[in-house]
Amino acid sequence: MRKIIALTALLIAISLPAAACVGKTLLVGTDSTPRSRVIAQVLAILINERTGTTIEVVDFNDAKALHDELTSGDVDLALAYTARALKLEGLPPTADSQKALERVKTHYREELNLKWLSPLGFSEPGNTASLAATLAQKHALKKFPALPRLIAKTQSVFTEEVIEQLVGAENHAKAVRAFLRNKKLI
């Protein structure tokens, strides 16, 4: 009987790490812009392929609607731009991209319980001082502590040129998957 219990315990222990993310769901929000949709596909495919986590992508009408869902805790991850984030929170704008990033990181962490992850390597269309980054719920990061490291692997991989190519693709998911495979990210 002890051998059966020990064997059962061993089998459970062995299966836990692999199944830690399987069966869990993350909600990725978009503001319905082509770039936001492409990055949502990047996050969905990357996270699903690397962790087995189910990703649900939800389009919102605009940046304000997405921001409201993020701040209410209903969306786990989303693409965010620093200039837009400052504006949505009524904070003063700045032309210095690093100052803007530090300002939103501090404000969102302290006031909204959200975390800005590393910038992805491209900026908001028409505003080169506005960096693009993934904004995440702290509760999602607690459930999935490897997410910042996983998403950071995409840092500087998505240049303006790459983003434009993916946005212009007929099938975003197929183009993103091929790109991630080519870069050996999945």
Side-chain angles (χ1 to χ4, degrees), residues 25-48 53-141 144 147-148 151 154-155 157-176 179:
T25 301
L26 277 173
L27 188 66
V28 177
T30 80
D31 63 7
S32 292
T33 61
R35 282 182 176 219
S36 184
R37 287 181 172 158
V38 164
I39 294 303
Q41 287 300 314
V42 168
L43 294 171
I45 293 167
L46 181 68
I47 295 167
N48 178 265
T53 304
T54 301
I55 307 296
E56 184 179 338
V57 177
V58 178
D59 286 326
F60 294 94
N61 292 336
D62 54 30
K64 171 84 170 87
L66 176 57
H67 179 265
D68 291 346
E69 294 298 317
L70 271 166
T71 56
S72 71
D74 293 334
V75 171
D76 297 310
L77 299 169
L79 171 67
Y81 295 104
T82 53
R84 193 180 297 174
L86 290 171
K87 183 178 180 181
L88 287 167
E89 282 297 303
L91 299 171
T94 179
D96 184 323
S97 61
Q98 289 306 311
K99 277 187 181 178
L101 182 60
E102 290 309 312
R103 191 178 292 160
V104 295
K105 276 184 172 183
T106 300
H107 177 79
Y108 275 65
R109 180 184 65 243
E110 293 174 358
E111 303 296 324
L112 304 172
N113 206 30
L114 295 167
K115 182 170 181 178
W116 283 75
L117 303 180
S118 300
L120 297 173
F122 60 92
S123 57
E124 184 175 19
N127 188 352
T128 57
S130 183
L131 299 175
T134 303
L135 189 55
Q137 289 288 340
K138 284 186 181 177
H139 68 81
L141 297 177
F144 304 96
L147 280 180
I151 294 169
T154 66
Q155 190 175 11
V157 172
F158 292 98
T159 62
E160 293 289 336
E161 183 180 313
V162 168
I163 289 296
E164 289 307 315
Q165 288 173 353
L166 294 172
V167 164
E170 189 173 314
N171 183 325
H172 291 156
K174 186 175 180 180
V176 165
F179 178 79

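Here the structure is a predicted model, which is why all the values come from computation and not from measurement.
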Nearest atoms (heavy-atom pairs only) where Ala40 meets Val57: CB-CG1, 3.8 Å

Compare all side-chain heavy atoms of Leu26 with those of Leu147 and state whether any distance is below 4.5 angstrom.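 They are in contact (side-chain heavy atoms under 4.5 Å apart), so the answer is yes.
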
Donor-acceptor list for residues 72-83 side chains, cut-off 3.5 Å, not counting sequence neighbours:
unit_1: Ser72; atom_1: OG; unit_2: Asp68; atom_2: O; d: 3.2
unit_1: Ser72; atom_1: OG; unit_2: Glu69; atom_2: O; d: 3.0
unit_1: Ser72; atom_1: OG; unit_2: Asp74; atom_2: OD2; d: 3.1
unit_1: Asp76; atom_1: OD2; unit_2: Leu27; atom_2: N; d: 2.8
unit_1: Thr82; atom_1: OG1; unit_2: Leu131; atom_2: N; d: 3.2

Could you pull out the closest heavy-atom pair between Val167 and His172, with the gap in Å?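 Of all heavy-atom pairs spanning Val167 and His172, the closest is O-NE2, 3.1 Å.
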
To the nearest 0.5 Å, tell me how far Thr30 OG1 sits from Asp62 CG.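 Those atoms lie 10.5 Å apart.
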
Between side-chain atoms of residues 109-122 and protein atoms elsewhere (two or more places apart, or another chain), which donor-acceptor pairs fall under 3.5 Å?
none

How far does OG of Ser32 sit from CG of Asn61, to the nearest 0.5 angstrom?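 So the gap between those two atoms works out to 6.5 Å.
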
Tell me whether Lys138 at atom NZ has more than 12 heavy atoms from other residues, nucleotides or ligands lying less than 6.0 Å away. yes

Could you tell me which residues satisfy ring pair (Phe, Tyr, Trp, His ring centres under 6.0 Å) with Phe158, sequence neighbours excluded, listed by chain and number? Phe179

Please round to the nearest 0.5 Å and tell me the distance separating atom CZ of Arg37 and atom CG of Asp59. 4.0 Å

For the side chain of Gln137 and the backbone of Leu70, is there at least one donor-acceptor N/O pair under 3.5 Å apart?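 Between the backbone of Leu70 and the side chain of Gln137 there is a qualifying donor-acceptor contact (under 3.5 Å).
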
How long is the span from the CD1 atom in Ile39 to the CG atom in Leu166, to the nearest 0.5 Å?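 Those atoms lie 8.0 Å apart.
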
Could you list the residues that satisfy salt bridge (Lys or Arg N to Asp or Glu O under 4.0 Å) with Glu56, not counting sequence neighbours?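 Scan of Glu56 (salt bridge (Lys or Arg N to Asp or Glu O under 4.0 Å), adjacent residues dropped) gives none.
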
Sequence neighbours excluded, which residues qualify as salt bridge (Lys or Arg N to Asp or Glu O under 4.0 Å) partners of Arg103?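 Arg103 satisfies salt bridge (Lys or Arg N to Asp or Glu O under 4.0 Å) with no residue once adjacent residues are dropped.
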
Ser123 side chain near Glu160 side chain, heavy-atom distance below 4.5 Å: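 Yes, close enough: below the 4.5 Å cut-off.
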
Start with the C-alpha distance between Thr33 and Asp31, add both sets of side-chain angles, then the distance that settles side chain to side chain donor-acceptor pair (under 3.5 Å), and finish with yes or no. CA-CA 6 Å; Thr33 61; Asp31 63 7; 2.7 Å; yes

Looking only at heavy atoms, the pair that brings Ile45 and Ala173 closest together is CD1-O, 3.5 Å

Sequence neighbours excluded, which residues qualify as side chain to side chain contact (heavy atoms under 4.5 Å, CB included) partners of Ala129?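 Partners of Ala129 under the side chain to side chain contact (heavy atoms under 4.5 Å, CB included) test: Asn127.
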
CD (Gln98) and NZ (Lys105) are apart, to the nearest 0.5 Å, by 8.0 Å

Roughly how far, to the nearest 0.5 Å, is CZ of Arg84 from NE2 of His67? 11.5 Å

